[in-house]
Structure formats: C-alpha cells, structure tokens
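All remarks here apply to the structure that follows.
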Amino acid sequence: MQNYLNELQEKYGYNNQLVEVLAKIIPKLIEYFGEENKELILNAINDCEIHIQQPKENVNKYLSEFFESQNNEKFPIAAAACYDSRPIIKAEQMQIKRLIYLKESCGDFSKEKNVSLLVHELLHLIKSYKNEFLYNKEGKIIQRSGLAETILEFNKEDNNVKEISNKNTGIEETVNCYDESQIMSMIFEKDYTTNSYPSLIEPGRSLLKHKNIRDAIRDSQLNADNNYIELIGKDIFEFLTDSFEKIYATHFLSFSQINTKEKRMKIKENRQKVIDSIIEFCDKYKPNEMKQRMFGLETIREIVQDVTAKERQEGQEELKKIVLERNDNEKAEKQDENMIQDI
C-alpha cells in the first residue's frame, strides 16, 4: 500500500496530509467492498486526480481548463466538494478525465467533516468507474454514476457534451450517504452520520437494513449493470426511485419556493409523507413472502391503513403519483415542476 501511495503522490503532487488521510480511507474502502473489488478501487483512485482549491483560485475556470471545455463549467451551487468526469472525444476516440475537487476550506483533514466529504466523493468515483461512459443506440452518451444515469449529447464542432436528461440520482445519493456513514464509522471507530443530505438518512437506513436489497444495489453499482431491478422487483424499484427523487429534490429548491414559513412547513409536511411511506414499506417488506413484481397501489393502501381516512386519502393520491409517474424525456420538465409544487 505504501508504494501505491508514494506513486499517487508523485503522479499528482499530493501534499502529505492528503496522502496520510488516503492511507486511512483506502484500506477501509477495500474492507467494506471486499477484496474482490480491491483492484477496481485502486485503479479508480489512481485514475482520478484529487484537487484542493488554491487561494484565489476560480473553481469554474479551473474545471473548464481541466476538462478542456469551451463552455464555462459550473461547480455545483452550495457544494463543498464534488466528483466530476468528462468524456474527451478526439478522432472518434473517447478518453475519460476524472476529478475530485475540494473547496479550499475542505483541505484540512484533521477535521472529520472534511474526511467525510472526501469519502463521499471517492465513493461516487468507485461506483462510476466501470463503464462510466457508453454510447446508446441513438448515438447519445450514457453516463453512469452507480444507479444514476445521465444522457449526454456530444457536439463535434466544439468537443463539448450537453446534458439531456438524468434519473435515479436520489436513490444513488441515498445509498452513497449510507455507505459514507458506514465507512466513516470504520475509520474513526465510532458511530458517524453524514450531513450530506439529512432528509435521506432515515429512509435510507430503513431501506438498506434489508441485506438482499443492499447487496443487489451494491453489486449493480460496482459491476455496471441493472440486475438489481429484477432482483428487487421493477414495481418496487420504481416506487423507491421516484420517492427518493422527490425527497432529494427538496435540497435544491429556490429561495422563492421557501421564502415564507407557510411554504417551508408545506414542503416539510409533504416530504415527511414520502419519507414515512418508504419507512412503512421497508418495515413490512419481506422478500420471501411478498410477490415483489406485483407491488402497487394495493400494497400502498395496506401500508397506510393505520392512519386516518383523510390522511390515507391524501397519502394514496400522493403515492399514486409517485408510482405512476415515469421518467420519460417528454414529461421530464413537467415532472420536475410537480415535484417542487408537491414538496
């Protein structure tokens, strides 16, 4: 391991503190995901630069130069760190550039929260590494990040890619937050809970306490396949992904959507209904007794039978939307608007 770390430091010019924290993180990543995934983990980290923002450095300018982009790259609003990657296509050949970018304030790894941020982004890297960019039948590029998928369009004239659509980001971030907390607990030998997306923590734990779901998701994240959908059932998958997407969306509302106490309370109440529906389902989930592919509105009605008639009616209508909505491109914009209005 020390030779590997020495080579990383020489390759990217890492400072000693970064190398020291990687020496703590990497063995725990291997322990967590298993020796069978050791090579994938080491290759992924070797192929991705970790950059800590320098004083007075413009993050968007740095990203644009790093990814050789003629368009101005945009660092995620309010983010302290991010994993990013781009396909660089020249002469019909695709090469992938990968980067973990940490804001200047996050470069002090004596602080647990900064170690946690690095772990979170390393997890995104590892789960994206295999078959991260592929062409589909329409000639578009599919970018995979664990369970999440983004459709990109390549412009040959300026060598840039444009995002067309994305899906499954909410459930991917949920699993990533769970894994982040578990690995941080291993590193520091105490219970640890991430602050990345607080509203995803409780329903995420409720879901991932089920070993068959947890294992199915993890295998698909690392092996770049969709087998987990069949293993847990398509209808269950759609219910869970749509529900987690609604919760995730509440972390990105504009000021005008939360600028009054009434608006904030409504958002919180509706979000909690979705969280409760996930937890109720997970508490009653028994893979050996439930016909997974038959999961639908009848099961939802059973789940909410202990609430009042009014609450049940409201919950059924909300959950009906969640189960029946589809992430096709034609309805994407309208679905986003409804998501914000509902939550």
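Since this is a predicted model, take the numbers as computed values, not measurements.
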For a quick check under 3.5 Å, do N6 and Q2 share a side-chain donor-acceptor pair by atom type?
yes
Consider only side-chain N and O atoms of S254 and Q257, and report whether a donor and an acceptor are under 3.5 Å apart.
yes
In plain terms, say whether E112 and K190 are close enough for a salt bridge, that is, a side-chain N and a carboxylate O under 4.0 Å apart.
yes
Salt bridge E149-R144, side-chain N to carboxylate O under 4.0 Å
no
Please report, to 0.1 Å, the donor-acceptor pairs under 3.5 Å made by any side chain of residues 24-37, with sequence neighbours excluded.
residue: Y32; atom: OH; partner: D179; partner atom: OD1; Å: 2.7
residue: Y32; atom: OH; partner: R218; partner atom: NH2; Å: 2.9
residue: N37; atom: ND2; partner: F33; partner atom: O; Å: 2.9

Does the side chain of E163 pick up a donor-acceptor pair with the side chain of Q143 at under 3.5 Å?
no
Any side-chain donor paired with an acceptor under 3.5 Å for T174 and R205?
no
Hydrophobic cluster (4.5 angstrom, side-chain heavy atoms) - remaining members for M265
none
Does the plane of the ring in F252 sit parallel, tilted or perpendicular to the ring in Y197? Use 30° and 60° as the thresholds.
tilted
Output all residues satisfying ring-ring contact (aromatic ring centres under 6.0 Å, His included) with Y83, sequence neighbours left out; order by chain, then residue number.
none
With no hydrogens and no angle check, just 3.5 Å: does a side-chain donor-acceptor pair link S85 and E132?
yes
Other hydrophobic cluster members with F255, side-chain heavy atoms of Ile/Leu/Val/Met/Phe/Trp/Tyr under 4.5 Å, chained?
none
Checking R214 side chain against L208 main chain: does a donor-acceptor pair fall under 3.5 Å?
yes
Walk me through it: do I88 and E68 pass the test side-chain contact (heavy atoms from CB on, under 4.5 Å)?
CA-CA 8 Å; I88 308 299; E68 304 175 31; 4.1 Å; yes
Could you work out, with ring-ring contact (aromatic ring centres under 6.0 Å, His included) as the rule, every residue matching Y4, not counting sequence neighbours?
none
From CA spacing to verdict: salt bridge (charged side-chain N to carboxylate O under 4.0 Å, His left out), E280, K273
CA-CA 10 Å; E280 289 282 356; K273 288 180 183 179; over 6 Å; no
Looking only at side chains, do S181 and T194 share a donor and an acceptor under 3.5 Å apart?
no
Ring geometry between F239 and F281 (parallel below 30°, tilted from 30 to 60°, perpendicular above 60°):
perpendicular
Testing the 3.5 Å rule here: is there a donor-acceptor pair between the side chains of H124 and E180?
no
Acceptor/donor pairs from residues 42-51 side chains to any protein atom, 3.5 angstrom cut, sequence neighbours excluded:
residue: N43; atom: ND2; partner: E39; partner atom: O; Å: 3.3
residue: D47; atom: OD2; partner: Y129; partner atom: OH; Å: 2.4
residue: H51; atom: ND1; partner: Y62; partner atom: OH; Å: 3.2
residue: H51; atom: NE2; partner: E57; partner atom: OE1; Å: 3.2
residue: H51; atom: NE2; partner: E57; partner atom: OE2; Å: 2.9

D225 vs K130, test: salt bridge (charged side-chain N to carboxylate O under 4.0 Å, His left out). Steps then yes/no.
CA-CA 10 Å; D225 61 45; K130 186 175 181 180; over 6 Å; no
Rounded to the nearest 0.5 angstrom, the CG-OG distance for N114 and S105 is 7.0 Å
I201/C177 under side-chain contact (heavy atoms from CB on, under 4.5 Å): CA gap, chis, key distance, verdict
CA-CA 7 Å; I201 301 302; C177 288; 4.0 Å; yes
